[in-house]
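For reference, the structure discussed in these notes is given below.
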Amino acid sequence: MKRIVSGIKPTGTLTLGNYLGAIKQFVKLQQKMTDCEFYLFVADLHAITVRQVPHELRKRILDIAAMYIACGLDKDRTVLYIQSEVMQNVELGYILQSNVYMGELERMTQFKDKTAKNETSITSSLFTYPALMAADIILYDADYVPVGDDQKQHLELTRTIANRFNNHYGDFFTVPEPLIPEVGARIMDLQNPEKKMSKSDSNEKGYITLFDDPATIKRKIKSAVTDSIGIVNYDPKNQRGLANLLTIYASITDRKIEDIVKQYEDSNYKQFKEDLGQAIVDVLQPIQEKYNAIVKSSELQEILNNGREIATNYAFKKMRKCKRKVGLGRK
Ligand code: AMP
Ligand code: TRP
């Protein structure tokens, strides 16, 4: 049986970018690939590579777990767990650090971007992050990893590390393939369509969170940057802001960009934005209701306990063999 693995860091609030780039794809895959196993985790160890406020982090870990379910994942077909609750992730992360080179880590754009912004307090774990990420994936022999476009480079490095390990120690890890959505892999900031929509962004108007109320969502879409051309058309070069809104529209409604462009042929940005705002509200409202119902429930706790058990079971066996391969231990 093929296995699909992915994770999200509990840093800041979840945005529409996370939903369209990652969570929604995951839900769709689950509906489509009925013969696959789905492992999904909250990447809390990755979150602490930058300073977090403990009680906020703890809350966000559960928020993400609850949101996964609220967004439509089938809890009976998902192994949902918290990364730090399966020790073997860290154990393999360390072994993989010894199979990745400084030069490779230095080339990671996510690391370069983060260090450019915050030059004084870069932790060593931020630097070695891709080794832990590789461990998250290959520990469970993932076949596919659905992620947004920004994670492509990390996935390539994961493949390099897996291949290197296999070449050196003999075939052992499955080499995973990334699954990047055709539409929605890179949702851009609403105020600055040159950069990706991100929860660590300081300008609130630039992103929509999965917790925003209807009025806020509509207001943010209304004030999204467009252009003075005034015609609804998909032209990422000259109408970047609008192209991003069209991408969001297509991705959230599962429609084709061309069809939407056609619909607004004789219309204007105002109408287009109003409809888009409503389309987002229509999707997020039921998700929020479900989230509220589950986040404090004992059901969520049970799902996470169960997920921890299944993930640990697999990870424990895999690590025992892995350590033997590497020559660690007594026999
Ligand atoms: P992160 O929040 O950085 O842990 O990302 C979780 C997942 O959401 C990853 O698969 C990212 O690629 C995806 N993601 C984050 N931001 C965006 C965005 N603006 N557009 C599309 N996907 C995104
Ligand atoms: N690094 C990813 C991000 O920033 C989150 C993540 C950690 C992840 N481990 C993973 C995603 C394993 C997929 C698979 O978005």
Side-chain angles (χ1 to χ4, degrees), residues 3-27 29 38-50 52 57 60-61 63-64 67-68 71 81-84 86 89-90 92-93 96 105 108-111 113-114 125-126 128-159 161-162 176-201 206-210 244-245 247-248 250-252 311:
R3 186 170 301 125
I4 301 187
V5 176
S6 195
I8 296 187
K9 289 191 303 268
T11 46
T13 340
L14 285 167
T15 68
L16 194 61
N18 292 127
Y19 176 67
L20 297 177
I23 307 179
K24 183 169 172 165
Q25 300 310 317
F26 215 87
V27 174
L29 283 170
F38 290 81
Y39 278 48
L40 200 47
F41 64 95
V42 183
D44 57 346
L45 292 170
H46 284 286
I48 62 167
T49 54
V50 291
Q52 302 292 330
L57 175 61
R60 273 193 245 112
I61 292 171
D63 272 357
I64 293 199
M67 259 305 171
Y68 274 138
C71 287
Y81 56 102
I82 297 170
Q83 182 189 28
S84 66
V86 184
N89 289 318
V90 186
L92 181 59
L96 297 186
L105 296 172
M108 295 293 110
T109 47
Q110 188 165 315
F111 177 73
D113 289 351
K114 287 205 172 152
S125 62
L126 186 67
T128 55
Y129 182 128
L132 181 61
M133 176 159 170
D136 296 334
I137 296 168
I138 66 177
L139 178 57
Y140 304 96
D141 289 305
D143 297 281
Y144 302 110
V145 184
V147 282
D149 192 55
D150 59 343
Q151 296 303 312
K152 209 158 127 187
Q153 197 186 25
H154 287 156
L155 257 294
E156 273 158 21
L157 185 56
T158 299
R159 289 170 58 86
I161 296 172
E177 279 186 42
L179 289 180
I180 295 168
E182 278 167 32
V183 181
R186 201 171 186 82
I187 301 297
M188 309 309 279
D189 187 283
L190 299 175
Q191 291 299 316
N192 176 8
E194 300 300 321
K195 66 190 221 6
K196 76 163 187 175
M197 182 183 282
S198 156
K199 50 202 169 186
S200 44
D201 198 294
Y207 59 88
I208 289 176
T209 86
L210 298 190
N244 185 41
L245 296 181
T247 302
I248 295 174
S251 171
I252 200 138

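When a ligand or atom number is given, it counts from 1 through the structure's own listing order.
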inquiry  = List ligand 2 atoms under 4.0 Å from S6, heavy atoms only on the residue side.
reply    = 13 (C), 14 (C)
query = What is the closest protein heavy atom to atom 10 (O) of ligand 1, and at what distance does it sit?
reply = G148 N, 3.1 Å
Atoms in ligand 1 flagged as close to Q151, the criterion being non-hydrogen separation under 4.0 Å = 12 (O)
message = Any nitrogen or oxygen of K9 lying under 3.5 Å from a nitrogen or oxygen in ligand 2? Just yes or no.
response = yes
inquiry  = With heavy-atom distances below 4.0 Å as the criterion, list the atoms of ligand 2 near V145.
reply    = 13 (C), 14 (C)
query = Taking heavy atoms and a distance under 4.0 Å, where does L132 meet ligand 2: side chain, backbone, both or neither?
reply = neither
Donor-acceptor contact present, side-chain S84 to main-chain D44, <3.5 Å = no
message = What I want to know is whether H154 and ligand 2 share at least one N or O pair that is separated by under 3.5 angstrom.
response = no
query = Is there side-chain contact between P176 and V5, with at least one heavy-atom pair below 4.5 Å?
reply = no
remark   = Minimal heavy-atom distance between Q110 and Q151, with the atoms involved, is OE1-NE2, 3.0 Å
message = As a quick check of understanding, evaluate side chain to side chain contact (heavy atoms under 4.5 Å, CB included) for L210 and T13, giving each step before the final call.
response = CA-CA 8 Å; L210 298 190; T13 340; over 6 Å; no
ask   = Is it true that a side-chain atom of N89 and a backbone atom of Q83 form a donor plus acceptor pair closer than 3.5 Å?
value = yes
Atom 3 (C) of ligand 2 - nearest protein heavy atom and its distance = Q151 NE2, 3.2 Å
inquiry  = Taking G148's backbone N and O only, do any of them form a donor-acceptor pair with R186's side chain (distance below 3.5 Å, no angle check)?
reply    = no
ask   = Just heavy atoms, cut-off under 4.0 Å: does Y140 contact ligand 2 by side chain, backbone, both, or neither?
value = neither
ask   = F41 and Y140: aromatic ring centres closer than 6.0 Å?
value = no
inquiry  = Distance under 4.0 Å to a non-hydrogen atom of H46: what atoms of ligand 2 satisfy this?
reply    = 7 (C), 9 (N)
ask   = Just going by heavy-atom distances, which of G12, A43, S198, G17 is nearest to atom 18 (C) of ligand 1?
value = G17
note = the protein heavy atom lying closest to atom 20 (N) of ligand 1 turns out to be I187 N, 2.8 Å
message = Donor-acceptor check, side chain of E177 to backbone of V145, threshold 3.5 angstrom: yes or no?
response = no
ask   = Between OG of S198 and CD1 of I187, what distance do you get to the nearest 0.5 Å?
value = 13.0 Å
request  = Specify the protein heavy atom at minimum distance from atom 6 (C) of ligand 2: its residue, its atom name, and the distance to 0.1 Å.
outcome  = G7 O, 3.9 Å
ask   = What protein heavy atom sits nearest atom 10 (C) of ligand 2, and how far off is it?
value = F41 CZ, 3.5 Å
key: Mode of V147 contact toward ligand 2 - side chain, backbone, both, neither (heavy atoms, under 4.0 Å)   = side chain
ask   = What's the shortest distance from atom 2 (O) of ligand 1 to any protein heavy atom, and which residue and atom give it?
value = K199 NZ, 2.3 Å
ask   = Under 3.5 Å, is there a donor-acceptor pair between the Y39 and D141 side chains?
value = no
note = ligand 2 atoms nearer than 4.0 angstrom to some heavy atom of I137 are 12 (C), 14 (C)
query = In the protein, which heavy atom is nearest to atom 16 (N) of ligand 1, and how far is it?
reply = M197 O, 3.8 Å
ask   = Which atoms of ligand 1 have any heavy atom of V147 under 4.0 Å away?
value = 10 (O)
request  = Just need the protein heavy atom nearest to atom 11 (C) of ligand 1, so name the residue and atom and give the distance.
outcome  = D150 OD1, 3.3 Å
note = of all protein heavy atoms, closest to atom 9 (N) of ligand 2 is D136 OD2, 2.8 Å
remark   = atom 7 (C) of ligand 1 sits nearest the protein heavy atom A22 CB, 3.6 Å
query = According to the interplanar angle, ranging from 0 to 90°, do the rings of F38 and F26 count as parallel (below 30°), tilted (30 to 60°) or perpendicular (above 60°)?
reply = perpendicular
ask   = Is there a donor in the side chain of Y129 and an acceptor in the side chain of K9, or the other way round, less than 3.5 Å apart?
value = yes
query = Considering only the protein, which heavy-atom contact is closest to atom 8 (O) of ligand 1, and what is its distance?
reply = N18 ND2, 3.1 Å
key: Protein contact to atom 1 (N) of ligand 2 [nearest heavy atom, distance to 0.1 Å]   = Y129 OH, 2.8 Å
query = Which residue owns the protein heavy atom closest to atom 21 (C) of ligand 1, what's the atom, and how far is it?
reply = A185 O, 3.0 Å
query = Where on Q83 is there a heavy atom closer than 4.0 Å to ligand 2, on the side chain, on the backbone, on both, or on neither?
reply = neither
key: Minimum heavy-atom distance P10-L57, with the two atoms named   = O-CD1, 3.6 Å
task = Say whether, by atom type as modelled, one donor and one acceptor occur between the side chain of K24 and the main chain of S251 under 3.5 angstrom.
result = yes
task = Determine the minimum heavy-atom distance between M108 and P130, stating which atoms define it.
result = CG-CG, 3.9 Å
